[in-house]
Amino acid sequence: MLSGDADAARQQIADILSSSRRNNAADDITGALLFSDTNFAQVLEGPRAAVERLYETLHHDTRHKDLLLLLTEELEARQFPQWSMAYIGPSQPAQEALALAAEGVDDSSQGTRVRRLLALMSETLHRGGAKQAP
């Protein structure tokens with residue numbers, strides 16, 4: 001959870017990105033982090049054991065609140081292979097896709113909504129919408 005004013009929040013996100021990029025590169029993990037006002041969505045790709053270890057670390061980190069695992073599946077190819085951690089900042093489409101993906105976590109259409117969020121993240125990055133820092 002971010003705290004403080006907008007400048008403090010930007011610095012906290014920059015710190016998250018810096019440590020994520022360093023640690024993920026060492027563990028052959030790639031992915032993307034989307035931030036939308038007060039919520040984050042994160043995609044992690046890589047060796048299953050490394051991704052599961054990282055998720056457990058995140059899950060037990062007290063800075064996280066209401067962590068939800070929305071989708072886990074084997075991939076034929078990574079969606080974010082060139083990014084140890086891409087960053088997508090706040091936008092209205094991102095906020096809407098994130099809210100939709102988190103709705104009805106246990107219902108049968110949840111996977112479709114999560115894939116829509118992944119597509120939005122991938123499209124944003126391919127259009128050059130990624131940032132090095134907030």
Side-chain angles (χ1 to χ4, degrees):
M1 174 158 283
L2 300 176
S3 60
D5 61 19
D7 288 336
R10 276 192 291 279
Q11 185 56 53
Q12 290 170 22
I13 294 170
D15 293 345
I16 290 167
L17 292 170
S18 177
S19 63
S20 295
R21 289 171 177 153
R22 180 184 60 249
N23 296 335
N24 290 354
D27 290 332
D28 192 29
I29 293 174
T30 57
L33 180 70
L34 178 145
F35 174 64
S36 186
D37 295 326
T38 59
N39 296 305
F40 287 91
Q42 186 172 27
V43 177
L44 300 171
E45 307 170 316
R48 179 177 285 280
V51 170
E52 288 176 351
R53 266 192 317 274
L54 176 55
Y55 179 79
E56 283 302 310
T57 299
L58 296 172
H59 188 72
H60 290 98
D61 187 326
T62 58
R63 295 173 293 182
H64 295 92
K65 181 180 175 191
D66 300 327
L67 192 68
L68 298 172
L69 180 61
L70 298 176
L71 184 67
T72 180
E73 63 185 8
E74 297 289 328
L75 300 174
E76 288 184 27
R78 295 182 190 212
Q79 291 189 20
F80 309 100
Q82 69 276 25
W83 294 96
S84 58
M85 188 52 60
Y87 173 69
I88 303 166
S91 70
Q92 187 64 32
Q95 184 175 359
E96 291 169 3
L98 185 55
L100 185 64
E103 278 181 10
V105 172
D106 294 325
D107 77 27
S108 61
S109 65
Q110 192 252 347
T112 301
R113 292 192 306 268
V114 171
R115 285 181 185 83
R116 198 173 312 145
L117 174 62
L118 291 171
L120 172 99
M121 293 172 75
S122 183
E123 290 165 12
T124 300
L125 292 172
H126 287 105
R127 285 193 318 262
K131 302 175 184 178
Q132 288 299 312

- Task: Identify which one of Thr62, Asp66, Asp61 satisfies the side-chain contact (heavy atoms from CB on, under 4.5 Å) criterion when paired with His64.
- Result: Asp61
- Message: How close do Phe80 and Leu118 get, counting heavy atoms only, and between which atoms?
- Response: CZ-O, 4.5 Å
- Measuring from Glu52:CD to Thr72:OG1, what's the distance to the nearest 0.5 Å? 6.5 Å
- Note on the structure: On a heavy-atom basis, the closest approach of Glu45 and Gly31 is OE1-N, 4.3 Å
- Minimum heavy-atom distance between Ala25 and Ser84, given as atom pair plus value: N-CB, 4.1 Å
- Task: Check for a donor-acceptor pair, side chain of Ser20 on one end and backbone N or O of Ile16 on the other, with a separation under 3.5 Å.
- Result: yes
- Message: Within this structure, what is the CG-CH2 distance for the pair Leu33 and Trp83, rounded to the nearest 0.5 Å?
- Response: 12.0 Å
- Message: In this structure, would Leu75 and Val43 fall into the same cluster of hydrophobic residues linked by side-chain contacts under 4.5 Å?
- Response: no
- Item | Heavy-atom check, side chain of Val51 versus side chain of Arg48, under 4.5 Å | no
- Any donor-acceptor pair under 3.5 Å linking the side chain of Asp28 with the backbone of Gly46? no
- Note on the structure: Sequence neighbours excluded, the answer for side chain to side chain donor-acceptor pair (under 3.5 Å) partners of Asp15 is Gln11
- Sequence-distant partners of Asp27, side chain to side chain contact (heavy atoms under 4.5 Å, CB included), two or more places apart: Ile29, Ala50
- Under 4.5 Å between any side-chain heavy atoms of Leu120 and Ile88, yes or no? no
- Query: Tell me, do Leu54 and Asn23 make a side-chain contact under 4.5 Å, heavy atoms counted?
  - Reply: no
- Query: Given side chains that start at C-beta, do those of Leu125 and Gln82 come closer than 4.5 Å, heavy atoms only?
  - Reply: no
- Considering non-hydrogen atoms only, spot the tightest contact between Leu68 and Tyr55 and give its length. C-OH, 4.3 Å
- Does a side-chain heavy-atom distance below 4.5 Å link Thr124 with Leu34? no
- Are the side chain of Arg21 and the backbone of Met85 linked by a donor-acceptor contact shorter than 3.5 Å? yes
- Note on the structure: Ser122 and Gln79 have their tightest heavy-atom pair at CB-OE1, 4.1 Å
